[in-house]
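Model, not experiment: these values are computed from the prediction. Labels below follow one simple rule: chain letters A, B, ... track the order of the sequence lines, proteins then strands, and each chain is numbered from 1.
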Amino acid sequence: MKRFFGPVTMADPQVSDAEHELFGGPLRPTAATQEHDVNPRTLDHTDTLELPVTGDGPFNALHTFWKPSHYATGLEAHTESCSWRTFRVGDLVVGVRLHAEDRTVIADIYTAGDFKPADREELTRRLISSYGLDEDHAAFAELASHVPAMREALAVLGGMRQSCPEDHFEIAVIALLLQNVTIRRTAQMTRNLLAHYGHLVHFDGITLRAWFTPDEIAHVPPETLKERDRLGFRAKSLPHYAAYFRDHSTEDLKAAGNLMEAVQEIKGVGPYTAAVIASHASRAPAAFGIDVWNRKILARRLLDANDAAPETVMTRLNELFPGYAGTAGLYLVEHEYLTNPVASLLRSGPDALTAWNAALEQTGT
DNA sequence: GCCCAGGCCAGTT
DNA sequence: AACTGGCATGGG
C-alpha cells in the first residue's frame, strides 16, 4: 500500500474521488485520500455471440445500452457506438463488449480461464433478457403515441428497451443504496462496496469493476459495512439481502407467484425496492418504483405541477399507460436527462480510455 | 444548527 | 389500515 499523506487508519477507509472527478461530479477535498495502485485481472477474448432482436417494434441500441439517468458505477462504459459491461455468470467474471448492426447485437466475450458451453448458454440468455431483445415493443409504442405528454420522449428515444444487466441481487443492492440519500451518497457507497468486495478487470482496452456475489459479501459484518463502507442504516440490511439471494436462485424467483410480495420478506426491502427489482430484473412493464426523484419529474410531465402525492402520480401514470406504467416512467425519466446526462458518454479515442482506466485503477481497495 | 436526499420499520392510533 | 418518529450520513 502506498501512503501519500500521513497514516491511514481504520477510520479513513473511503475510496478516492479520482473516478468521481472523471464522471463529472464535483470534488470534495481529498488532502488525506489514500490511493492504491490496483492491478486489474486481464480477461481474454473467448467468444462472439450474435444476438438478433426478435421482439417486434423498433430497436434503439444506444439508449437500450446506455441510460442518461443512470449514475456512474464503473461497471459499464459507453461510447456513441459501443458499450462495455461486466457480468457475473455463476462465479465467473465476464467482460462483454456490445455493439449493434441494425437488428443484431454483437457481443464479444472476454473471460479468464475456461468458458463452458453451459456458461455460454447462460450468458446468452442473460444478455437477451437484460436488454429485452426478445420483448415486443410495438404495443407500448402504439399506446404511447396517443399520449401528448409522451410524444417528444417517444420521438427521441423510440425503440429504447428497459436495461438491467444486473441480476436480482445486484439490482436489489442498487435500490438499497438509493434509499433516502442523494445520488452522490449512493455513488460513494457503490464505490466503496465495489472497491472492497468486487473485482477489477481489464479487457478490450478498458478497465471496469465487476459485482460481488451474495456469497462473496454475506460474511461481512454490519459494523464493517457501516464504518468502512459508510452504508449508514443500510448496513443492517445488506447481509439480509445477501443471504436471501444466496438461498433463492433466479429460477426460484421467477417461479414465485408474486415477486413484489416475496422480496418484501427481506428486511430492508419495502414497496420501492420491490418494485425496482420487479420492473428491472424481472422486467415487469407495469411495475414502477416511485421515489421523491421520479415523482417530481412525473408530476411536472403528467400533472403540470412541481410535485404531487405519490398516489396521485401513480394513478395518473396507470390511467395513461395501463399495463405499462414502468415503461412509461422509464421513457419520461430518461428523456428528462437526455440533454444533460448523469454519466456522459465516453468520447471515442485512446485518451478518454486512458483517463477512464487510470481513474478506476487508482481507487482504493 | 436545520432540512433534505432516487425508503423502511416498529410502535402507536 | 393509516399515521409517526427514528434510523445514518453528508451537503446545502
Side-chain angles (χ1 to χ4, degrees), chain A residues 11-17 20-21 23-33 67-73 162-164 166 170-193 221-241 244 260-281 287-301 306-314 317 325-326 328-337 340-343:
Chain A
D12 179 25
Q14 288 111 311
V15 300
S16 82
D17 269 322
H20 194 197
E21 177 183 24
F23 296 144
L27 270 177
R28 281 185 277 124
T30 55
T33 301
K67 294 294 188 285
S69 86
H70 286 192
Y71 75 94
T73 58
Q162 175 71 273
S163 65
C164 186
E166 291 81 13
E170 295 161 352
I171 197 67
V173 173
I174 298 263
L176 172 67
L177 300 184
L178 288 169
Q179 290 175 7
N180 202 47
V181 283
T182 54
I183 275 307
R184 185 192 185 87
R185 275 272 292 141
T186 302
Q188 175 201 25
M189 293 186 278
T190 306
R191 284 200 305 275
N192 288 340
L193 290 180
E223 307 78 57
T224 304
L225 296 171
K226 184 166 181 282
E227 291 160 22
R228 180 184 191 222
D229 302 305
R230 314 306 295 154
L231 289 204
F233 59 76
R234 300 156 200 80
K236 293 192 287 283
S237 302
L238 184 51
H240 293 295
Y241 283 46
Y244 183 90
M260 297 254 286
E261 283 180 15
V263 295
Q264 288 186 66
E265 292 168 12
I266 308 167
K267 290 292 175 200
V269 175
Y272 169 72
T273 302
V276 170
I277 296 169
S279 70
H280 287 70
F288 183 71
I290 188 164
D291 54 40
V292 298
W293 168 66
N294 55 38
R295 188 186 74 209
K296 291 174 183 171
I297 295 173
L298 296 184
R300 285 198 300 274
R301 290 184 172 238
N306 287 325
D307 201 354
E311 306 78 39
T312 311
V313 173
M314 287 309 296
L317 191 59
L330 172 72
Y331 269 73
L332 293 174
V333 167
E334 295 310 327
H335 187 225
E336 181 86 10
Y337 282 87
N340 188 17
V342 176

Rounded to whole Å, please give me the gap between CD in A:Gln188 and C1' in C:dA8. 11 Å
Interatomic distance, A:Glu311 CD vs C:dA1 C1' [rounded to whole Å]: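 About 13 Å, once rounded to whole Å.
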Go through A:Leu231 and A:Leu238 one step at a time and tell me if the side-chain contact (heavy atoms from CB on, under 4.5 Å) criterion holds. CA-CA 9 Å; A:Leu231 289 204; A:Leu238 184 51; 3.8 Å; yes
Proximal nucleotide (of [options]) relative to the [X] side chain:
X        : options              : result
A:Arg234 : B:dC8, C:dA8, B:dA5  : C:dA8
A:Phe233 : C:dA8, B:dA5, B:dC8  : C:dA8
A:Val292 : C:dT9, B:dC8, B:dG6  : B:dG6
A:Thr273 : B:dG6, C:dG11, B:dG7 : B:dG7

Between C:dC3 and B:dG6, how far is it from one P atom to the other, in whole Å? 24 Å
Hey, does A:Val269 reach any base, or is it just sugar-phosphate, or nothing, if we go heavy atoms under 4.0 Å? sugar-phosphate
Considering every strand and a 4.0 Å limit on heavy-atom distances, what is the contact class for A:Ile266: base, sugar-phosphate, or nothing? sugar-phosphate
Starting from the C-alpha separation in whole Å, work towards a yes-or-no answer on side-chain contact (heavy atoms from CB on, under 4.5 Å) for A:Leu193 and A:Leu225. CA-CA 8 Å; A:Leu193 290 180; A:Leu225 296 171; 4.0 Å; yes
Distance below 4.0 Å between A:Arg230 side-chain N/O and C:dA8 OP1 or OP2: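 So the side-chain polar atoms of A:Arg230 never come under 4.0 Å of the phosphate oxygens OP1 or OP2 of C:dA8.
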Looking at A:Lys236, does any N or O in its side chain come under 4.0 Å of the phosphate oxygens OP1/OP2 on B:dC8? no
Runs of at least three consecutive pairs that involve DNA chain B, where pairs are Watson-Crick or G-U with distances under 3.5 Å: B:2-5 with C:9-12, B:7-13 with C:1-7
Is the closest side-chain donor-acceptor distance between A:Gln179 and A:Thr273 under 3.5 Å? yes
Steps toward side-chain contact (heavy atoms from CB on, under 4.5 Å) verdict (A:Asn294, A:Phe288): CA-CA 10 Å; A:Asn294 55 38; A:Phe288 183 71; 3.6 Å; yes
Going by ring centres under 5.5 Å and near-parallel planes (under 30°), is A:Trp293 stacked on B:dG6? yes
Could you please spell out the steps behind the side-chain hydrogen bond (donor to acceptor under 3.5 Å, both in side chains) verdict for A:Arg191 and A:Gln188? CA-CA 5 Å; A:Arg191 284 200 305 275; A:Gln188 175 201 25; over 6 Å; no
Are any non-hydrogen side-chain atoms of A:Asp307 and A:Arg295 less than 4.5 angstrom apart?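 Sidechains of A:Arg295 and A:Asp307: in contact.
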